[in-house]
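The next block holds one structure in the form of structure tokens; read it before the comments.
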Amino acid sequence: MKRLTKTSFLTLAKEYLIVTFAGILNALSLYSFVNPSKLIAGGFSGLSSVLTYVFDPLITFIEFDELMSVIYFVLSAPLLVCSLILLRGDFTFKTIWSTVVCTAALAFFPLVNFPKFEDSHARLIAIAFGGILIGVSMYIASENNGSNGGTEVIARIVAKYHPEIDLSKVIYFANIIVMVCGSIVVMIYTDERVSVVIYSYLYIVMGTTVFGMFKRGFNHPQKFLIVTSEYDKISQAITARFKRGCSFMDTRVSSPDGPSRKIVMVVVQHRQAPALKQIIRAVDPEAFTIVKDVYDVFSRPTFNRSYKTK
């Protein structure tokens, strides 16, 4: 077992403090923006909202948000047990802690009459602020090896076996399924119309977009695959312009009489992509180029900071 030093303890305490903040942001998004606007957040939060709408008329001795906090924790418990079995370690403990913090915050906010955004005619404002809060919450929890539970745990389990998958997409599709089913229940138990589906969808899009933007970075890398006969000139121009090397891959064209070609692979920042395209057009206008977004450079985590355009 690794010895716990003062430095490692302070680092761990800092991470748990940040995860605590993420749990509070999650609860704040639900309490102040989602529930007053009768939106379905998606994931386990949305599922908790749906069940709360069902049981709230039957359980009258506690408020809506307090009942939701209990249901949220009860639903999350089995998934957290699965996380302990499949993922274990620091991630699971931080996720459990974040879930407890979110549950406690949802129960605490009504006691202090924490303000809610209850303007039913300005739902887009609730969507914007609520989506930003939940997106930031998911990001800071993820960056500190934790999560808000629910579909984020499912996404982490998927990523364990398929690390190439973008986590924001896994969360997005899981949330959509819950959102559609939950919105139908809300329309049955309230006087809401089908517009609640659209508003809930916009909230999910806002949250996952914010999470994805922070996760990939505002200047995320892009991978260029350049099939060209002028591979030496292009690689030299790239090295001179961006101060980095390239990778060559041999290729074979269908026409045996064609020029010798290779695939030049290089990863650049998003803001550097236009300059690279200009280089390709100037050196070899006939080059065939494929551009793909890169969601992570895990072997060189400081990629975006260490490579700068001169």
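Remember, predicted model here, so these are calculated numbers, not experimental data.
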- request: Apply side chain to side chain contact (heavy atoms under 4.5 Å, CB included) to the pair K277 and F224, showing each step before the final yes or no.
  value: CA-CA 9 Å; K277 291 178 181 178; F224 278 69; 4.0 Å; yes
Do [X] and [Y] come close enough that some side-chain heavy atom pair is under 4.5 Å?
X	Y	result
V197	I184	no
S195	R123	yes
H270	P221	no
D56	I59	no
Y203	V34	yes
F117	P36	no
T95	L80	yes
V268	K223	no

task: Compute the ring centroids of F109 and Y31, then answer whether they are less than 6.0 Å apart.
output: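 They qualify: ring centres under 6.0 Å apart.
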task: Carefully, step by step, assess I127 and F33 under the rule side chain to side chain contact (heavy atoms under 4.5 Å, CB included).
output: CA-CA 7 Å; I127 290 169; F33 298 101; over 6 Å; no
Between [X] (side chain) and [Y] (backbone), is there a donor-acceptor pair under 3.5 Å?
X	Y	answer
Y201	V180	no
S137	A22	yes
N144	I140	yes
K38	N35	no
E66	E63	yes
S142	M138	no

Does a sphere of radius 6.0 Å around [atom1] in [X] hold more than 12 heavy atoms from other residues, nucleotides or ligands, not counting ones at 6.0 Å or beyond?
X	atom1	answer
F64	CZ	yes
F288	CZ	no
F73	CZ	no

Is it the case that one hydrophobic cluster holds both [X] and [Y], taking links as side-chain heavy atoms less than 4.5 Å apart, direct or via other members?
X	Y	result
L111	I62	no
V185	I177	no
V74	L30	no
L106	V112	yes
I132	L39	yes

Could you grab the distance from atom [atom1] of [X] to atom [atom2] of [Y], nearest 0.5 Å is fine?
X	Y	atom1	atom2	answer
M265	S235	CE	OG	13.5 Å
Q272	I279	CD	CD1	10.0 Å
T52	I71	OG1	CD1	3.5 Å
I280	I238	CD1	CD1	6.5 Å
T209	L202	OG1	CG	10.0 Å
I263	L225	CD1	CG	6.5 Å

field: Counterpart residues, ring-ring contact (aromatic ring centres under 6.0 Å, His included), relative to Y72 (two or more places apart)
entry: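 Scan of Y72 (ring-ring contact (aromatic ring centres under 6.0 Å, His included), adjacent residues dropped) gives none.
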State, to 0.1 Å, how close [X] and [Y] come at their nearest heavy-atom pair, and which atoms those are.
X	Y	value
S45	N26	OG-OD1, 4.3 Å
I134	S29	CB-OG, 3.9 Å
L75	S48	CD1-OG, 3.6 Å
K116	D65	NZ-OD2, 3.0 Å
S200	S183	OG-OG, 3.9 Å
S49	I40	CB-CD1, 4.2 Å

Let me have the donor-acceptor pairs involving side chains of residues 11-20, under 3.5 Å, with sequence neighbours excluded, atom names and distances please.
residue: T11; atom: OG1; partner: T7; partner atom: O; Å: 3.0
residue: E15; atom: OE1; partner: K94; partner atom: NZ; Å: 2.4
residue: T20; atom: OG1; partner: Y16; partner atom: O; Å: 2.7
residue: T20; atom: OG1; partner: W97; partner atom: NE1; Å: 2.6

task: Output all residues satisfying side chain to side chain contact (heavy atoms under 4.5 Å, CB included) with T228, sequence neighbours left out; order by chain, then residue number.
output: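 Checked T228 against side chain to side chain contact (heavy atoms under 4.5 Å, CB included); matches are I226, E230, Y231, I234, V264, D284, A287.
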message: With no hydrogens and no angle check, just 3.5 Å: does a side-chain donor-acceptor pair link N148 and S98?
response: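 Present: a donor and an acceptor within the cut-off.
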